[in-house]
2 protein chains.
Amino acid sequence: MLACMQPRSEMDIKALLRHTPLFEGLDGAVLDEMLSHFRRETWKQGRRISEQESGQRFHIILSGRLKMGQINPDTGRMVTLFLLQPGDAFDVISLLDGQPNPVILEARDDLLMLSTPMQEARRWIEEHPAFNRSFLPYLGQQMRSLANLAGDLALHDTETRLARLILRHLQPEAPGQPLRLIHNLSHESLAEMIGSVRVVVNRQLQHWQREGVVVTRRGELLIKELETLLKKAMQFSRHTP
Amino acid sequence: MLACMQPRSEMDIKALLRHTPLFEGLDGAVLDEMLSHFRRETWKQGRRISEQESGQRFHIILSGRLKMGQINPDTGRMVTLFLLQPGDAFDVISLLDGQPNPVILEARDDLLMLSTPMQEARRWIEEHPAFNRSFLPYLGQQMRSLANLAGDLALHDTETRLARLILRHLQPEAPGQPLRLIHNLSHESLAEMIGSVRVVVNRQLQHWQREGVVVTRRGELLIKELETLLKKAMQFSRHTP
DNA sequence: ATTTTTCTGCTACCAGGGTTACACAGTTTG
DNA sequence: CAAACTGTGTAACCCTGGTAGCAGAAAAAT
């Protein structure tokens, strides 16, 4: 929905931001003033960039999705810490404390964004306490998702983590369509989001398919037994095989 | 140092907070006004409590340390997400977004804290933008440490994670004393902080001891070869055994 | 002093999940 | 249309690191 919109005019942009958690409550005039300090920026799909390089600017995503993650240079493996969507902002961490953040940014789709120098964004936040009414809860969400990721990685096996990830990314229960499915995330992407590896994700999905819990097709995943998946997400299965 | 102080009077408290990242820059009068809304609270060592129960109040630690973590009820295992020290505040996440946070709090020492209702703390933040000059960077630090934990858990093996943890907790290089050592963290605590288990930590420490990198005694850990440990922390060892 | 609890050292066991490697179906590109 | 690329299915291998269990040393409690 949001992800499909390609805002062109200032009006479109304002309308889009009105529906995002960061800006929904914001006064029109304040929003205008903010927009005047931002400029548009586009990244092509697949562009990968280290935060150091782009870290001097603060971005707000208008369309497309962006992976923010870390890499182990020795193994080449990557974790996704955040999958940012339209309405999300980055890099929040270095905005807050001014330190460079050793993360990798990767455009999963073509990206349209607004951007402004970090300093400008900080100044703006300081001068518009009203914005904090949305900004602070937004920070809370981000921290919470990080905390849950860390907790999951330390405490739960890949099956549980994968089940949870899928449940978190279910499409909004369409009324007519009887099938619930996940939007286009490759096995590779899923793996990076649970801190694992493509082969393992595939193995697990095939296992579930044989159990009749899911059906996989190229680029999509249909959930047949939601309840079973819910159980796996809370690992009752450990003791009752 | 800070951890040893047992502040009694208002003066002591103010002096202590002056040295913490959250309050160091703060105006004296503002600090006074804040303190008037807080009351003292003490927890005994070992007290374990779920965030739900204490989640309605916002706390600032004056002395002692507090573990904030998650538990897997099926296995009983626990991860430490934060090891909070004097000057730290909690629970920041539910302060920000108002949602209950499914974490466990555990007093590692006897705790002396200031506390105030969440609503009060939020109101106070809103009315004192000056405080944000310290608060926002503090949030950044917290998020950063969470992000690093998650990244480490997904990308690095236990040896690397343990090496990094130890390096992060080295005592401030004492001039006379030739030995660098870590303050009193049990193997169990170390394990929880790297998302692993006592046996594994012990195994690793013994391994290092045989290599001559560290010396372990009950309750303390001496680092003999700092450089070796630094290398392990960046896993050069993987390819050059 | 004796009991109880906490911390530590050590062993044997084995399974989850990571590595590597290859084949094939769809898609996109030239 | 062929070629190149991307996403997916599968198999063999085996190593890290978690589980279970016990025993002794130090500390705390009685």
Side-chain angles (χ1 to χ4, degrees), chain A residues 44-46 72 74-79 106 108-110 152-163 182-192 194-210 214-222 232 235 237-239 241, chain B residues 44-46 48 72 74-79 106 108-110 152-163 182-210 214-222 232 235 237-239 241:
Chain A
K44 279 214 289 253
Q45 173 177 21
N72 181 336
D74 292 306
T75 64
R77 277 179 56 194
M78 173 164 179
V79 228
E106 188 181 316
R108 264 200 66 80
D109 315 296
D110 287 340
D152 272 16
L153 285 168
L155 298 177
H156 302 294
D157 57 16
T158 52
E159 176 171 27
T160 320
R161 302 209 300 273
L162 184 56
I182 193 173
H183 48 302
N184 63 334
L185 293 167
S186 68
H187 295 185
E188 183 78 42
S189 296
L190 293 174
E192 286 182 357
I194 63 168
S196 181
V197 161
R198 204 209 95 221
V199 192
V200 176
V201 168
N202 187 1
R203 192 188 287 161
Q204 191 61 57
L205 289 178
Q206 294 307 319
H207 185 67
W208 285 346
Q209 189 159 24
R210 261 171 253 125
V214 302
V215 174
T216 72
R217 283 190 252 160
R218 185 184 179 86
E220 72 184 340
L221 179 64
L222 308 178
K232 292 183 189 296
Q235 83 270 59
S237 46
R238 190 88 21 197
H239 308 294
Chain B
K44 279 213 288 246
Q45 173 177 20
R48 178 183 282 194
N72 180 334
D74 292 307
T75 66
R77 278 180 57 194
M78 172 164 178
V79 230
E106 188 180 318
R108 264 202 67 80
D109 315 295
D110 287 339
D152 272 17
L153 285 168
L155 298 177
H156 302 294
D157 56 16
T158 52
E159 177 171 27
T160 318
R161 302 208 303 271
L162 184 56
I182 193 172
H183 49 301
N184 62 336
L185 293 168
S186 67
H187 294 184
E188 183 79 42
S189 296
L190 293 174
E192 286 182 356
M193 286 198 260
I194 63 169
S196 179
V197 159
R198 207 209 91 222
V199 196
V200 176
V201 168
N202 188 359
R203 190 187 287 160
Q204 191 62 57
L205 288 177
Q206 295 307 319
H207 185 68
W208 285 346
Q209 189 159 26
R210 262 172 253 126
V214 302
V215 174
T216 71
R217 281 189 252 160
R218 185 187 179 84
E220 75 185 337
L221 178 64
L222 308 176
K232 292 183 189 296
Q235 82 271 57
S237 46
R238 191 90 20 199
H239 308 293

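Throughout, protein chains are lettered first and strands after them, A, B, ... in sequence-line order, and every chain is numbered starting at 1.
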**Q** Considering only side-chain heavy atoms of A/Arg198, which listed nucleotide, D/dT8, C/dC10, C/dT19, is closest?
**A** D/dT8
**Q** Taking only the side-chain heavy atoms of A/Arg203 (C-beta and beyond), determine which of D/dG18, D/dA12, C/dG9 contains the nearest atom.
**A** D/dA12
**Q** What is the distance, to the nearest angstrom, from the CG atom on A/Asn202 to the C1' atom on D/dA11?
**A** 12 Å
**Q** B/Glu220 has an atom CD; how far is it from atom C1' of C/dC7, in whole Å?
**A** 14 Å
**Q** Using whole Å, report how far CG of B/Leu185 lies from C1' of C/dT8.
**A** 15 Å
**Q** Locate the shortest heavy-atom distance separating A/Gly46 from A/Glu106; write the atom from each residue and the value.
**A** O-CG, 4.2 Å
**Q** State which of D/dG9, C/dT8, C/dC10 makes the closest approach to the side chain of A/Thr216.
**A** D/dG9
**Q** How many Å lie between CD1 on B/Ile194 and P on D/dG17, as a whole number?
**A** 9 Å
**Q** Considering only D/dG17, C/dG18, C/dC7, which nucleotide approaches the side chain of B/Val200 most closely?
**A** D/dG17
**Q** State which of C/dG17, D/dG18, C/dC10 makes the closest approach to the side chain of B/Val199.
**A** C/dC10
**Q** In this structure, how many angstroms lie between the C1' atom of D/dT6 and the CZ atom of A/Arg108, rounded?
**A** 12 Å
**Q** Whether A/Thr75 contacts C/dT19 is assessed here as follows: a side-chain N or O lying under 4.0 Å from the phosphate OP1 or OP2. Is that the case?
**A** no
**Q** Is there a side-chain contact between A/Leu185 and A/Arg108 in this structure, where contact means two heavy atoms from C-beta onward sitting under 4.5 Å apart?
**A** yes
**Q** Find the distance A/Leu162:CG to C/dG18:P and express it as a whole number of Å.
**A** 12 Å
**Q** Given atom CG of B/Asn184 and atom P of D/dA26, what is their separation to the nearest angstrom?
**A** 18 Å
**Q** Starting at atom CG of B/Leu190, determine the distance to atom P of C/dT6, rounded to an integer number of angstrom.
**A** 18 Å
**Q** Begin from the C-alpha positions of B/Thr158 and B/Arg203 and carry the test side chain to side chain contact (heavy atoms under 4.5 Å, CB included) through to its verdict.
**A** CA-CA 11 Å; B/Thr158 52; B/Arg203 190 187 287 160; over 6 Å; no
**Q** Check every atom of C/dT27, C/dT19, D/dT19 against the side chain of A/Arg218 and return the nucleotide holding the closest atom.
**A** C/dT27
**Q** Where do A/Val79 and B/Ala154 come nearest, in terms of heavy atoms and distance?
**A** CG1-CB, 3.3 Å
**Q** Measure from the side-chain heavy atoms of A/His187 and tell me the nearest of C/dT19, C/dT11, D/dT8.
**A** D/dT8
**Q** D/dG17 phosphate, OP1 or OP2: any side-chain N/O from B/Thr158 under 4.0 angstrom?
**A** yes
**Q** Evaluate side chain to side chain contact (heavy atoms under 4.5 Å, CB included) for B/Leu162 paired with B/Leu205, printing each intermediate quantity in order.
**A** CA-CA 9 Å; B/Leu162 184 56; B/Leu205 288 177; 4.2 Å; yes
**Q** Which part of the nucleic acid does A/Arg77 contact within heavy-atom distance under 4.0 Å: base, sugar-phosphate only, or nothing?
**A** sugar-phosphate
**Q** Taking the minimum atom-to-atom distance to the side chain of A/Asp157, which one of C/dG18, D/dT19, C/dG17 wins?
**A** C/dG17
